[in-house]
S.K.: 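Shown below is the structure under consideration.
Count residues from 1 along the sequence. Everything quoted here is computed from the prediction, not taken from an experiment. For the numbers below, each heavy atom of this structure counts, side chains included, while hydrogens, waters and symmetry mates do not.
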Amino acid sequence: MKRHRREQAIERLGLVSYDIGFDDVSLDLREYTRAVLQRLCADTRSAAWAAFEGSFHYDELLTDQVAHQVYGYCMTGAEAVVEWDTAALRGEEWRLRIAEARAALGALLSATKQEERHQLSV
């Protein structure tokens, strides 16, 4: 099976996917999600997001098509953003915020490619 170039580029960055389940429904899941995203972006150049099951595909990472399924994101150097309101998730403002996150992910991927080229030329 042929792998997509984006998939290969992202795997080199160390893409990790987590499925989180909770037995204790009294937890503040919004705050927990924010804390997890913030921690994932704390110590290294990174992009992290939380999305509903079934929204992940390499061809549609943080695209307009899945923006309403992404309920949190964080980029290095920025505060994590989490949204639970379904009307807000379907709104234009949220779609634009996810587009900004997608641009940050694109910049991260681009920087990684440049670093790899530099290492090969040294």
Side-chain angles (χ1 to χ4, degrees):
M1 180 168 90
K2 186 177 177 184
R3 290 178 34 218
H4 193 276
R5 282 186 188 168
R6 180 169 288 233
E7 180 180 353
Q8 293 171 345
I10 291 169
E11 284 181 351
R12 283 194 305 272
L13 290 174
L15 176 68
V16 178
S17 176
Y18 298 98
D19 285 331
I20 302 173
F22 296 94
D23 294 326
D24 182 356
V25 295
S26 69
L27 293 172
D28 181 348
L29 297 181
R30 184 177 185 167
E31 195 51 45
Y32 180 83
T33 301
R34 183 184 327 278
V36 168
L37 290 171
Q38 198 68 50
R39 177 64 188 108
L40 289 170
C41 292
D43 297 329
T44 185
R45 288 183 311 160
S46 57
W49 61 94
F52 296 110
E53 186 73 28
S55 65
F56 182 88
H57 189 280
Y58 284 102
D59 290 331
E60 295 190 4
L61 295 178
L62 302 174
T63 63
D64 290 348
Q65 291 81 1
V66 298
H68 67 283
Q69 296 176 315
V70 176
Y71 56 88
Y73 64 91
C74 186
M75 304 299 151
T76 302
E79 290 294 315
V81 178
V82 177
E83 180 59 68
W84 288 117
D85 183 89
T86 55
L89 292 175
R90 294 189 179 281
E92 181 67 10
E93 182 179 342
W94 187 252
R95 188 189 63 74
L96 292 173
R97 293 179 88 172
I98 297 303
E100 291 174 4
R102 182 176 62 249
L105 176 61
L108 181 63
L109 291 171
S110 178
T112 301
K113 286 180 187 177
Q114 290 174 358
E115 288 172 7
E116 288 175 353
R117 284 188 205 122
H118 177 72
Q119 289 175 354
L120 290 174
S121 67
V122 175

S.K.: Flag yes if more than 12 heavy atoms outside Asp23 fall under 6.0 Å of its CG atom; otherwise flag no.
M.R.: no
S.K.: Tell me the closest heavy-atom pair linking Leu108 and Ala47, and the distance in Å.
M.R.: CD2-N, 3.9 Å
S.K.: Considering non-hydrogen atoms only, spot the tightest contact between Val81 and Leu37 and give its length.
M.R.: O-CD1, 4.3 Å
S.K.: What residue pairs, at least two apart or across chains, pass salt bridge (Lys or Arg N to Asp or Glu O under 4.0 Å) with a residue in residues 68-79?
M.R.: none
S.K.: Any side-chain heavy-atom pair from Leu61 and Trp49 closer than 4.5 angstrom?
M.R.: yes
S.K.: Could you tell me whether Arg30 atom CZ has more than 12 heavy atoms of other residues or ligands within 6.0 Å of it?
M.R.: yes
S.K.: Distance from Glu60 atom CD to Arg102 atom CZ, nearest 0.5 Å?
M.R.: 10.5 Å
S.K.: For the pair Tyr71 and Phe52, name the ring-plane relationship: parallel under 30°, tilted 30 to 60°, perpendicular over 60°.
M.R.: tilted
S.K.: Under 3.5 Å, side chain of Thr33 to main-chain N/O of Leu29, donor-acceptor pair present?
M.R.: yes
S.K.: Any idea which heavy atoms bring Arg39 and Asp43 closest together, and the distance?
M.R.: NH1-OD2, 2.6 Å
S.K.: Return each pair, listed once, that meets side chain to side chain donor-acceptor pair (under 3.5 Å) where at least one residue sits in residues 89-100; pairs must be two or more places apart or across chains.
M.R.: Asp64-Arg95, Tyr73-Arg97, Glu92-Arg95
S.K.: Are Trp84 and Ile98 connected into the same hydrophobic cluster when the rule is that any two of I, L, V, M, F, W, Y join if their side-chain heavy atoms are below 4.5 Å apart?
M.R.: yes
S.K.: Are Tyr32 and Leu27 packed together at the side-chain level, in the sense that at least one heavy-atom pair is separated by less than 4.5 angstrom?
M.R.: no
S.K.: On a heavy-atom basis, which atom in Cys41 and which in Ser46 lie closest, and how many Å separate them?
M.R.: CA-OG, 3.1 Å
S.K.: Under the 3.5 angstrom rule, does the side chain of Gln38 hit a backbone N or O of Ala78 as a donor-acceptor pair?
M.R.: yes
S.K.: Between Leu62 and Met75, which heavy-atom pair has the shortest distance, and what is it?
M.R.: CD1-CE, 4.5 Å
S.K.: Could you state the interatomic distance from CG (Leu89) to CD (Glu83), rounded to the nearest 0.5 Å?
M.R.: 5.5 Å
